[in-house]
S.K.: 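After the structure tokens below, expect a handful of questions from me.
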Amino acid sequence: MRGQRLAIVLLLGTLCVSCATKGTIVVLVPDARGHTGHVTVSTEAGVASLSEAGQAVVIAAPATKPGDPYFMSEKKREGIFQDALAVEPEKPLVFNLYFKSDSDRMTADSLSLLKDVVKAAAERDSRDISINGHTDRSGDADYNMRLSNARAHAVRAHLLELGIAPTSLSLAYFGEGDPLVPTADNVHEARNRRVEIVVR
């Protein structure tokens, strides 16, 4: 399987599909943020592409072509994958912290939200916290990349001051390339001036 974008799949082998066909089934499901992504399922005999939530494909045997994609209901997914879903980890918590225009300074509301991030990390005993910097599309793309980096580092510094261990934090920055609200170029959009924190 190749994901062109981060995607979450449910995969189960050697099962009875509709009590008739044995094989492997792959189901595409949304991640914690509601993103679905895209997955290509390939065998020696062919490929099948999944790009919508709930799409599934059956592979009868490793050397056979994947079947045609179809939609599997949530109820059926839960029935087939109940054992796997029972041990599924908690869904990540996502916090969006917003920033003043052309700045690495958070808004007052976002600054106060940091205590909720620390509380969630403590309750989960989390050692896996992602900090992802973003900008809107106003200004130059290279400058926005640097600004998103500065925003991510500013949030990291705050979390360290609040007692989060540095080994629990990972940092990434995307400039204007992954907007929360798609806009045309050179548009100011406050909701895109953000750092997304994911607590797992």
S.K.: Is it the case that one hydrophobic cluster holds both Met106 and Val118, taking links as side-chain heavy atoms less than 4.5 Å apart, direct or via other members?
M.R.: yes
S.K.: Compare every heavy atom of Pro92 with every heavy atom of Val198, then report the nearest pair and how far apart it is.
M.R.: CG1-CB, 3.6 Å
S.K.: Provide the closest heavy-atom pair for Gly175 versus Met145 in the form atom of the first, atom of the second, distance.
M.R.: N-SD, 3.6 Å
S.K.: With a 4.5 Å heavy-atom cut-off, do Glu196 and Asp178 have their side chains touching?
M.R.: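 Result no, sub-4.5 Å side-chain heavy-atom pair not found.
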S.K.: Using the rule that two of Ile, Leu, Val, Met, Phe, Trp, Tyr join whenever any of their side-chain heavy atoms come within less than 4.5 Å, decide whether Val117 and Leu111 are in one cluster.
M.R.: yes
S.K.: Do Leu162 and Leu93 land in one hydrophobic cluster if side-chain heavy atoms of ILVMFWY residues count as linked below 4.5 Å?
M.R.: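 Leu162 and Leu93: one cluster.
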S.K.: So, applying side-chain contact (heavy atoms from CB on, under 4.5 Å) with Ile80, which one of Glu78, Lys76, Arg77 is it?
M.R.: Lys76
S.K.: Is there a side-chain contact between Leu159 and Ile197 in this structure, where contact means two heavy atoms from C-beta onward sitting under 4.5 Å apart?
M.R.: yes
S.K.: Please check if atom CG in Asp68 has more than 12 non-hydrogen atoms from other residues, nucleotides or ligands closer than 6.0 Å.
M.R.: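 Not more than 12 within 6.0 Å, no.
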S.K.: Hey, are the side chains of Phe99 and Leu147 touching, using non-hydrogen atoms and a 4.5 Å cut-off?
M.R.: no
S.K.: What do the steps show when you test Phe81 against Val29 for side chain to side chain contact (heavy atoms under 4.5 Å, CB included), and what is the final call?
M.R.: CA-CA 12 Å; Phe81 295 97; Val29 295; over 6 Å; no
S.K.: Just how far is it from atom OH of Tyr173 to atom NE2 of His153, taken to the nearest 0.5 Å?
M.R.: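 One finds 7.5 Å between OH of Tyr173 and NE2 of His153.
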S.K.: Heavy-atom distance under 4.5 Å between the side chains of Phe174 and Ser148, does that happen here?
M.R.: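 No, their side chains stay 4.5 Å or more apart.
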S.K.: Any chain of hydrophobic side-chain contacts (each under 4.5 Å) joining Val195 to Phe95?
M.R.: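 Yes; tracing contacts between hydrophobic side chains, which count when under 4.5 Å, links both residues.
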S.K.: Would a 4.5 Å heavy-atom cut-off, applied to side chains only, mark Ser49 and His38 as touching?
M.R.: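 Yes - at least one pair of side-chain heavy atoms lies under 4.5 Å apart.
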S.K.: Honestly curious: do Tyr98 and Val155 fall in one hydrophobic cluster under the side-chain, below-4.5 Å linking rule?
M.R.: no
S.K.: Would you say the side-chain atoms of Arg194 pair up with the backbone N or O of Pro179, donor to acceptor, closer than 3.5 Å?
M.R.: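 Judged by distance alone, no pair lies under 3.5 Å.
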S.K.: Any donor-acceptor pair under 3.5 Å linking the side-chain atoms of Asp109 with those of Thr107?
M.R.: no
S.K.: To the closest 0.5 Å, what do you measure between CD1 (Ile59) and CD1 (Ile25)?
M.R.: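 The CD1 atom of Ile25 is 10.0 Å from CD1 of Ile59, to the nearest 0.5 Å.
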S.K.: Would you say Arg191's side chain and Glu189's backbone share a donor-acceptor pair under 3.5 angstrom?
M.R.: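 No, because the side chain of Arg191 does not come within donor-acceptor range (under 3.5 Å) of the backbone of Glu189.
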S.K.: Provide the closest heavy-atom pair for Thr36 versus Ser51 in the form atom of the first, atom of the second, distance.
M.R.: CG2-O, 4.0 Å
S.K.: When rounded to the nearest 0.5 angstrom, what distance separates CG in Leu169 from CD1 in Ile131?
M.R.: 4.5 Å
S.K.: Nearest 0.5 Å, please: how far is NE2 in His134 from CG in Asn96?
M.R.: 7.5 Å
S.K.: Looking at every non-hydrogen atom in both residues, tell me the closest pair between Ala48 and Pro66 and how far apart they are.
M.R.: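 Minimum heavy-atom separation between Ala48 and Pro66: CB-CB, 3.8 Å.
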S.K.: Quick one: does Tyr143's side chain get under 4.5 Å of Thr135's, heavy atoms only?
M.R.: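 No. Closest side-chain heavy atoms not under 4.5 Å.
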S.K.: So, using side-chain contact (heavy atoms from CB on, under 4.5 Å) as the criterion, who are the partners of Lys65 when residues are at least two apart?
M.R.: Ala45
S.K.: So, using side-chain hydrogen bond (donor to acceptor under 3.5 Å, both in side chains) as the criterion, who are the partners of Asn144 when residues are at least two apart?
M.R.: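 In terms of side-chain hydrogen bond (donor to acceptor under 3.5 Å, both in side chains), with neighbours along the sequence ignored, Asn144 is linked to Glu176.
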S.K.: Walk me through it: do Asn132 and Ser130 pass the test side chain to side chain donor-acceptor pair (under 3.5 Å)?
M.R.: CA-CA 6 Å; Asn132 304 309; Ser130 299; 5.1 Å; no
S.K.: As an exercise, state the distance from CG of Asn149 to CG of Leu171, rounded to the nearest 0.5 Å.
M.R.: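 Rounded to the nearest 0.5 Å, the CG-CG separation comes out at 6.5 Å.
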S.K.: Does Ser101 reach the side chain of Arg193, with side-chain heavy atoms less than 4.5 Å apart?
M.R.: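 When only atoms from C-beta onward are counted, Arg193 and Ser101 do touch, with a gap below 4.5 Å.
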S.K.: Between atom CG of Asp128 and atom OG of Ser168, what is the distance when rounded to the nearest 0.5 Å?
M.R.: 8.5 Å
S.K.: Walk me through whether Thr183 and Asp136 qualify under side chain to side chain contact (heavy atoms under 4.5 Å, CB included).
M.R.: CA-CA 8 Å; Thr183 70; Asp136 63 19; 6.0 Å; no
S.K.: Quick one: does Val187's side chain get under 4.5 Å of Asn192's, heavy atoms only?
M.R.: no
S.K.: Under 3.5 Å, is there a donor-acceptor pair between the side chain of Ser126 and the main chain of Ala121?
M.R.: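 Absent.
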